[in-house]
Number of protein chains: 2
Amino acid sequence: MTARKSKYICCTESPNDDITINQKTSDELALLAKALGHPVRVHILKVLSLKESCICGEIVEQINGLAQSTVSQHLKILKEAGLIRGEIEGTAVCYCIDYHGLKRLRVLIAEI
Amino acid sequence: MTARKSKYICCTESPNDDITINQKTSDELALLAKALGHPVRVHILKVLSLKESCICGEIVEQINGLAQSTVSQHLKILKEAGLIRGEIEGTAVCYCIDYHGLKRLRVLIAEI
DNA sequence: TATTATTATCGTAATATAACGATTAAGTCA
DNA sequence: TGACTTAATCGTTATATTACGATAATAATA
């Protein structure tokens with residue numbers, strides 16, 4: 001990619017005309033954002049944020065009107081993205097926010 | 001929803017046991033995050049960030065290997081989410097980041 | 001006015017996501 | 001051991017997303 005003049009006023013000439021963009025962090029950010037990209041999953045994070053930690057069953061109660069299997073699926077997506085963690089406690093599973101993941105999301109957005 | 005004792009150690013009792021969560025902001029955050037939840041769209045934002053503003057055609061060039069119509073679709077999604085703006089300049093359209101939208105995303109994440 | 005340049009939209013196909021009920025798995029307790 | 005509790009997984013269906021090529025729309029220009 002070579003720098004070149006643009007005939008468009010809006011396209012400012014800049015030393016950044018030769019662009020190199022970190023694809024890896026783009027992918028990482030996209031994955032995190034995608035995990036957050038559903039109202040129910042945002043809601044789950046808020047529940048966990050307010051309650052510090054919470055067993056799956058109580059989360060299902062908080063998410064009114066959705067089947068347990070559906071909530072479980074959302075929890076899985078959040079977990080795989082690194083936004084929450086789950087710890088087995090007896091027959092239950094206790095979920096909490098993974099603040100490393102959440103911070104990483106903030107950092108990656110800030111870097112845009 | 002009434003406050004109740006939990007038999008689980010992990011589930012801390014807290015004054016937030018009666019949870020009220022703002023569904024509207026959850027939806028808003030989910031929409032913004034969803035728009036960001038694709039590597040190509042993150043890439044587009046980075047291109048715009050580095051170049052300040054950019055005509056659609058140059059963005060298409062930067063996104064190697066995707067058809068013009070596909071990139072146009074991604075631009076539409078970003079625009080509808082309020083993450084970019086487009087200004088017609090002759091036959092071209094000049095896109096730039098909508099920093100209000102991006103800031104709103106940051107704020108909503110920070111509020112989780 | 002006809003042509004060119006640029007971008008948006010349309011129609012379509014392949015794939016992914018979201019939701020459900022039913023079932024499985026694994027730990028607890030009588 | 002057998003029943004119960006809790007959560008994950010499976011199979012399925014409906015819907016949404018992503019990508020493409022083709023076409024339409026609009027402004028600039030010859």
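Within every chain, numbering begins at 1; the chains are lettered A, B, ... in the order of the sequence lines, protein sequences first and strands thereafter. Predicted, not measured: the structure shown is a model, and the values here were computed from it.
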Requested in this report: Whole angstrom is fine here: how far is it from CD in B:Glu89 over to P in C:dA5?
Outcome: 18 Å
Query raised in the report: Just how far, in rounded Å, is P of C:dG27 from CD1 of A:Ile55?
Result: 17 Å
**Report entry** Option passing side-chain contact (heavy atoms from CB on, under 4.5 Å) with A:Ser26 (candidates B:Val42, B:Ile44, B:Leu45)
**Finding:** B:Val42
Query raised in the report: In whole angstroms, how far is the C1' atom of D:dA7 from the CD atom of A:Glu87?
Result: 15 Å
Query raised in the report: Roughly how far apart are A:Glu61 CD and A:Ile59 CD1, rounded to 0.5 Å?
Result: 10.5 Å
Query - N/O (side chain, B:Ser72) to phosphate O (OP1/OP2, C:dA8) under 4.0 Å - result: yes
Query raised in the report: Between C:dG21 and A:Ser69, is there an OP1 or OP2 to side-chain N/O distance shorter than 4.0 Å?
Result: no
Report task. Compare the minimum distances between each of C:dT6, D:dA8, D:dA19 and the side chain of B:Ala92, then state the nucleotide with the smallest one. Result -> C:dT6
Query - Presence of B:Tyr95 side-chain N/O under 4.0 Å of C:dA8 phosphate oxygens OP1/OP2 - result: yes
Requested in this report: Looking at every strand, decide which applies to A:Gly65 at a 4.0 Å heavy-atom threshold: base, sugar-phosphate, or nothing.
Outcome: sugar-phosphate
Report task. Please evaluate the base of D:dA8 for a donor-acceptor partner in the side chain of A:Gln73 within a cut-off of under 3.5 Å? Result -> no
Requested in this report: Flag the pair B:Leu83 / B:Leu102 as yes when at least one side-chain heavy-atom distance between them is below 4.5 Å, and no otherwise.
Outcome: yes
Query raised in the report: To the nearest Å, how far apart are B:Leu78 CG and C:dA8 C1'?
Result: 15 Å
Query raised in the report: Which part of the nucleic acid does A:Ile77 contact within heavy-atom distance under 4.0 Å: base, sugar-phosphate only, or nothing?
Result: sugar-phosphate
Query raised in the report: For the pair made of CD1 in B:Ile44 and P in D:dA19, what is the distance, rounded to whole Å?
Result: 10 Å
Report task. To the nearest Å, give me how far apart CD (A:Gln68) and P (D:dC10) are. Result -> 14 Å
**Report entry** Sugar-phosphate only, base, or nothing, as touched by A:Ile88 at under 4.0 Å among non-hydrogen atoms
**Finding:** nothing
Query raised in the report: Between C:dG21, D:dT6, D:dT9, which nucleotide gets closest to the side-chain atoms of A:Lys76?
Result: D:dT9
Query raised in the report: Separation of A:Glu61 atom CD from D:dT6 atom P, in whole Å?
Result: 10 Å
Report summary line: Heavy-atom nearest nucleotide on DNA chain C taken for B:Val60 and for A:Gly37; more 5' hit belongs to B:Val60
Query - Given D:dA8, D:dA27, C:dG21, the nucleotide with the shortest approach to the side chain of A:Ala67 - result: C:dG21
Report task. Heavy atoms only: give me the nearest B:Cys56-B:Tyr95 pair and the separation to one decimal. Result -> CB-CE1, 4.0 Å
Report task. Determine: side-chain N/O of A:His74 to OP1/OP2 of D:dA7, distance under 4.0 Å, yes or no. Result -> no
Query raised in the report: Rounded to the nearest 0.5 Å, how far apart are CZ of A:Arg104 and OG1 of A:Thr25?
Result: 7.5 Å
Query raised in the report: So what does B:Lys79 touch, heavy atoms closer than 4.0 Å: a base, only the sugar-phosphate, or nothing?
Result: nothing
Query raised in the report: Do the side-chain N or O atoms of B:His38 get closer than 4.0 angstrom to the phosphate oxygens (OP1, OP2) of D:dA19?
Result: yes
Report summary line: When B:Val40 and A:Leu75 are each assigned the nearest nucleotide of DNA chain D, the 5'-most assignment goes to A:Leu75
Report summary line: Whole-Å distance, B:Leu66 CG to D:dT17 C1', equals 14 Å
Query raised in the report: Are the side chains of B:Val40 and B:Thr70 in touch, meaning some heavy atoms are under 4.5 Å apart?
Result: no
